[in-house]
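Beneath this line is the structure, given in structure tokens, with notes to follow.
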Amino acid sequence: MAKAPREVRFGIVSTAMIATKVCGGMHQAKGATPAAVASRKLAKAKAWAKKHKVPRAFGSYEEMLDDPDIDAVYIALPPSMHHEWTIKAAEHGKHVLCEKPLAMNHAQAVEMADACRQHNVQLMDGVFWVHHARAHHLRKTLDTGILGKTRRVTSAFTFCWDKVPKDNIRVRPELGGGSVGDLGWYCVRITHFVYRQLPKRVFATARYFNDVDFNLSATLWYPDEKMASFDCGFDTVMRQWFEIAGSKNTLVCEDFVLPLSDKEASYYSHDGSGKKGKRFTIKNCVQQTAMVEDFAKIVLSGKLDPKWTEESLATQKVVDAIARSARTETIVELE
Ligand SMILES: NC(=O)c1ccc[n+]([C@@H]2O[C@H](COP(=O)([O-])OP(=O)(O)OC[C@H]3O[C@@H](n4cnc5c(N)ncnc54)[C@H](OP(=O)(O)O)[C@@H]3O)[C@@H](O)[C@H]2O)c1
């Protein structure tokens, strides 16, 4: 790994909608700064840089990668471009914070991870919620054994378009559209967060629009009689909840992907008879800032953290199996 800088200078790859939020996180985060933005058009990059108080603008992604004053990139491109630009960034010695879904498939994700390892740079996907203080609190609560024997993780992440915007990257198969990569990614991640292992097999059904899964429902079977299920899609109102149920208690969170407030985020327990138990509340956390800080800490420490890459690879493997199951209408076994 190259000599650690004092502050991680991020180059933002594209003027994507989500880059606005993450750039805000970079402004707020300790140990990081948004140093530049690159767009396919220089005028667009310049206008975006001005609006979001980013000091430098580039008219091509490549040009920004060539710049020695950029330590890391945040890749906010459509999923079909994550593989190419992660590998290019790694070859230029830049650390990579790459949006989800990490890749178009697991084979691509492995190549991205290999390239980053080979060039000694960090790879992390852009899932915010795992960096929220609520996720750390949840981990501790789970580790107390409150659930008894964990049986099920059930989750949903959906939103509803009244009219499908046909040029949106989510409904364009050539750009990596589809609800399981866009939304189901988070549901798979909460399941992996709880079980910390891969399912043995999965089954999914989907409704397709323009050759992308527009909505999808999945069932996952794990060792030790544990199960999970989720649904995701672009045709049902905003839902972003999980329930983790065991033999003694359940834990429920109603806004796990996008907390309704930065000031206060909570989840709660239900006891064995189904009565609401305790509410756990976490104050003052902006999750995209927390993500940038976690990433920057790794870069500044000079020591890569393989945990994040492994979690992305595991998520990608499960998402691939689910997508394959839905396409083939068969149960898919994972090795
Ligand atoms: N972590 C989260 O909470 C979260 C939330 C939303 C989205 N995301 C992820 O972030 C990524 C971007 O999503 P988004 O909705 O923000 O995307 P978006 O607004 O559609 O922006 C994508 C950007 O990619 C660049 N681009 C390059 N080639 C393109 C092409 N052929 N077609 C379209 N755009 C192209 C464009 O930037 P230039 O014109 O500037 O080059 C464009 O602005 C996706 O992977 C998505 O899943 C994550």
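Along the sequence shown, the residues carry numbers beginning at 1. Whatever order the structure lists ligands and atoms in, that order sets their numbers, starting from 1.
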Tested for salt bridge (Lys or Arg N to Asp or Glu O under 4.0 Å) against Asp125, the lone hit among Lys307, Lys100, Arg189 is Arg189
Notebook entry, point to check: Is the closest N or O pair between Met17 and ligand 1 shorter than 3.5 Å?
Noted result: yes
Less than 4.0 Å is my threshold; does some heavy atom of Lys21 fall inside it relative to ligand 1? no
With heavy atoms and a 4.0 Å threshold, my read on which part of Ile18 contacts ligand 1 is both
A student checking ligand 1 against Phe128 at a 4.0 Å heavy-atom cut-off should list atoms 1 (N), 2 (C), 3 (O)
Note: with side-chain heavy atoms under 4.5 Å as the link, the other cluster members for Val286 come out as none
Any heavy atom of Val127 under 4.0 Å from ligand 1? The part involved is neither
**Prompt:** Is the closest basic N to carboxylate O distance between Arg327 and Asp211 below 4.0 Å?
**Reply:** yes
So for His82, does at least one of its heavy atoms come nearer than 4.0 angstrom to any atom of ligand 1?
yes
Check: of Gln288, Arg40, Gln287, Met291, min heavy-atom distance to atom 31 (N) of ligand 1 comes from Arg40
| message | Just to check, does Tyr61 reach to within less than 4.0 Å of ligand 1 when the distance is taken from its heavy atoms? | response | yes
Atom 12 (C) of ligand 1 sits nearest the protein heavy atom Ala76 O, 3.2 Å
for atom 20 (O) of ligand 1, nearest protein heavy atom and its distance come out as Ile169 CG2, 3.7 Å
For Asp294 and His131, test the side chains for any donor-to-acceptor distance below 3.5 angstrom and give the result as yes or no. yes
Would you call Asp305 and Lys297 a salt bridge, using N to O less than 4.0 angstrom? no
Counting heavy atoms under 4.0 Å, the part of Leu258 that contacts ligand 1 is neither
If you scan protein heavy atoms around atom 37 (O) of ligand 1, the nearest is Ser14 CB, 3.4 Å
_For Glu111 and His83, which I'm curious about, is there any donor-acceptor pair between the side chains at under 3.5 Å?_
yes
among protein heavy atoms, the one nearest atom 22 (C) of ligand 1 is Ala16 CB, 3.7 Å
Check: of Asp125, Leu102, Val22, Leu77, min heavy-atom distance to atom 11 (C) of ligand 1 comes from Leu77
Partner of Phe295 under ring-ring contact (aromatic ring centres under 6.0 Å, His included), picked from Phe128, Tyr74, Phe10, is Phe10
Within the 6.0 Å centroid threshold, strictly below: Phe193 and Trp129
yes
| query | Looking only at side chains, do Tyr267 and Thr141 share a donor and an acceptor under 3.5 Å apart? | reply | yes
Distance-only N or O hit between ligand 1 and Lys100, under 3.5 Å: yes
Within 4.0 Å of some non-hydrogen atom of Ser39, the atoms of ligand 1 are 38 (P), 39 (O), 40 (O), 41 (O)
Here the atoms of ligand 1 under 4.0 Å from any heavy atom belonging to Leu175 are 31 (N), 32 (N)
The remaining residues in the hydrophobic cluster of Val252, counting side-chain heavy-atom contacts under 4.5 Å among Ile, Leu, Val, Met, Phe, Trp and Tyr, are Tyr268
Check your understanding: Quick one: does Tyr186 get within less than 4.0 Å of ligand 1, heavy atoms only?
Key -> yes
Check: With a cut-off of under 6.0 Å to the ring centre and 45° to the axis, is Lys88 in cation-pi contact with Tyr61?
Finding: no
Note to self: Tell me whether the NZ or CZ atom of Lys51 lies within the 45° cone about the ring axis of Trp48 and under 6.0 Å from its centre.
What the structure shows: no
Numbered in order shown, the ligand 1 atoms found under 4.0 Å of a heavy atom of Asp182 are 47 (O)
Partner of Ser266 under side chain to side chain donor-acceptor pair (under 3.5 Å), picked from Arg279, Glu254, His137, Arg134, is Arg279
Next on the checklist: Would you say Asn215 and Ser179 are linked by a side-chain donor-acceptor pair, where the criterion is simply a distance under 3.5 Å?
Outcome noted: no
Check: of Arg170, Lys44, Met81, Glu99, min heavy-atom distance to atom 6 (C) of ligand 1 comes from Arg170
If you scan protein heavy atoms around atom 34 (N) of ligand 1, the nearest is Pro78 CG, 3.7 Å
Can you confirm, on distance only, whether ligand 1 has an N/O atom lying under 3.5 Å from any N/O atom belonging to Gly126?
yes
Report task. Could you tell me whether ligand 1 has any atom less than 4.0 Å away from a heavy atom of Lys41? Result -> no
